[in-house]
Amino acid sequence: MKLYNIKENDEQVSFGQAVRQGLGRNQGLFFPSELPCFDDIDGLLAEDFTSRSAKILSALIGDELSPEAVKALVENAFQFPAPIQKVKDQVYALELFHGPTLAFKDFGGRFMAQSLAAVSDGGKITILTATSGDTGAAVAHAFYGMENIQVVILYPKGKISPLQEKLFCTLGKNIHTVAINSDFDACQALVKKAFDDQALRAEVGLNSANSINISRLMAQICYYFEAAAQMSKAERENLVVSVPSGNFGNLTAGMLAKALGLPIKRFIAATNVNDTVPRYLETGKWEPKATIATTSNAMDVSQPNNWPRIEELCRIQGWGLETLGKGAVTDEESAASVRELYDLGYLCEPHGAIAYRTLGQQLQPGETGLFLCTAHPAKFKEVVDEILETDIPLPGPLAKHSQMALLSEVLDDDFEALKAILRRVQ
Ligand SMILES: *Cc1c(COP(=O)(O)O)cnc(C)c1O
């Protein structure tokens, strides 16, 4: 697999390099130079999740890893299902929260950890990542206890749910968590700064597990195929997919699935009031505002770092950006959709509800709608209980971690202090 840096096209790397490096020069994202295209989609969809995913990823990775090696990575990474649930006529939920940390990021985080171990050259590795909540948990659990890998996770202090925090800030060992006195964009900026510091990067073997790492997006491609595989051929013919978006990695993966041949009619980019992308699609102007805290905090991102990949893909495929649906949803509206879904017999948290609402507004007769449920409702228990006046039970992993002590340290938005931590954990 060859990939190039979107900002500096002359930088070309292999899959292994892209996974180890995360980000290219000048903070450029890596993008595949060539995308395979599957002709026999029905045949592919007839296979089981693991075999099909191994085929897709093997076709992408090419001869750098044997098909058997890729299959082993997939078997280790995808140990949980991605079922669809019918919510009402024409409308399905894709449940991506059956992994160990109850959010879709388990797919990408675990596949990345497996890939990194497979392509490692034995050198020191420090994973530095910023999280708006769910990436941190997925990455921490995926890398927990792995040899020669230290993990440093930054998150905005007080801006993620207490349960989310408990899930990944209680592990210890090679997992180091840092609460930053600022917002998610500041955390993301600190990570980028660290990557720009070439000396530091080499010294600690810096790598990011953010969705800027291509391996995460590659893993996520697979569950779009898995969703279509669970529908009848007639249903998947006119499929519209609504993706609750923050950094836009999930949507990028879906659009990559389409580029590989999966027949998806169109996508909807659904956001909360941090609506840089919907406004951009409306006006053509990229004008990020200050990030606003919402009840769908994993999407509280005003400078989505995967957006350049979507533009690149659309350019290559000749897809006009105007074909992308869009919608920005307020907290009140998402709460109303959580209630509406509950009345339909489906328990959903605000991220999924945002995708559901936007889908409902744009689905046409004869189309099948799919909205992505990116987190387990219990992961946002406080919000869901308040909206529905319920007391939903905590699933096993959350119940266990909610009893454990937080191990995070608190830091100001200060790059020098972060550098000291990166050196200390070695
Ligand atoms: C990360 C996350 C999102 C946003 O996904 P992106 O790939 O960053 O667009 C949506 N919902 C939940 C629950 C998440 O954890």
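Keep in mind that the numbers below use all heavy atoms, side chains included, and drop hydrogens, waters and symmetry copies. Indexing begins at 1, ligand by ligand and atom by atom, following the structure's order. All figures in this text were calculated on a predicted structure; none of them were measured in a lab.
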> Test: side-chain hydrogen bond (donor to acceptor under 3.5 Å, both in side chains). Region: residues 144-154. Which pairs qualify, not counting sequence neighbours?
Gln150-His176
> Can you pull out every ring-ring contact (aromatic ring centres under 6.0 Å, His included) where at least one residue sits in residues 246-279? Sequence neighbours excluded, please.
Phe248-Trp307
> For Phe107, run the ring-ring contact (aromatic ring centres under 6.0 Å, His included) check against Phe97, Phe80, Tyr224 and tell me which one passes.
Phe80
> Kindly determine whether Asp300 and Asn272 satisfy side chain to side chain donor-acceptor pair (under 3.5 Å), including the steps that lead there.
CA-CA 7 Å; Asp300 291 350; Asn272 58 30; 2.9 Å; yes
> Could you pull out every donor-acceptor pair under 3.5 Å between side chains of residues 18-29 and any protein atom, sequence neighbours left out?
residue : atom : partner : partner atom : Å
Arg20   : NH1  : Val119  : O            : 2.5
Gln21   : NE2  : Glu11   : OE2          : 3.4
Arg25   : NE   : Glu8    : OE1          : 3.0
Arg25   : NH2  : Glu8    : OE1          : 2.9
Arg25   : NH2  : Asp10   : OD1          : 3.0
Arg25   : NH2  : Asp10   : OD2          : 3.2
Asn26   : ND2  : Glu8    : OE2          : 3.4
Gln27   : NE2  : Asp196  : OD2          : 2.7

> When you pair each N or O of ligand 1 with protein N or O atoms, which pairs come out under 3.5 Å?
residue  : atom   : partner : partner atom : Å
ligand 1 : 7 (O)  : Gly249  : N            : 3.1
ligand 1 : 7 (O)  : Asn250  : N            : 2.8
ligand 1 : 8 (O)  : Asn247  : N            : 2.8
ligand 1 : 9 (O)  : Gly246  : N            : 2.8
ligand 1 : 9 (O)  : Asn247  : N            : 3.3
ligand 1 : 9 (O)  : Phe248  : N            : 2.8
ligand 1 : 11 (N) : Thr374  : OG1          : 2.8
ligand 1 : 15 (O) : Lys105  : NZ           : 2.5
ligand 1 : 15 (O) : Asp134  : OD2          : 2.5

> Please determine whether side chain to side chain donor-acceptor pair (under 3.5 Å) holds for the pair Ser53 and Tyr223, giving the CA-CA distance in whole Å, both sets of side-chain angles, and the decisive distance to 0.1 Å.
CA-CA 8 Å; Ser53 300; Tyr223 54 64; over 6 Å; no
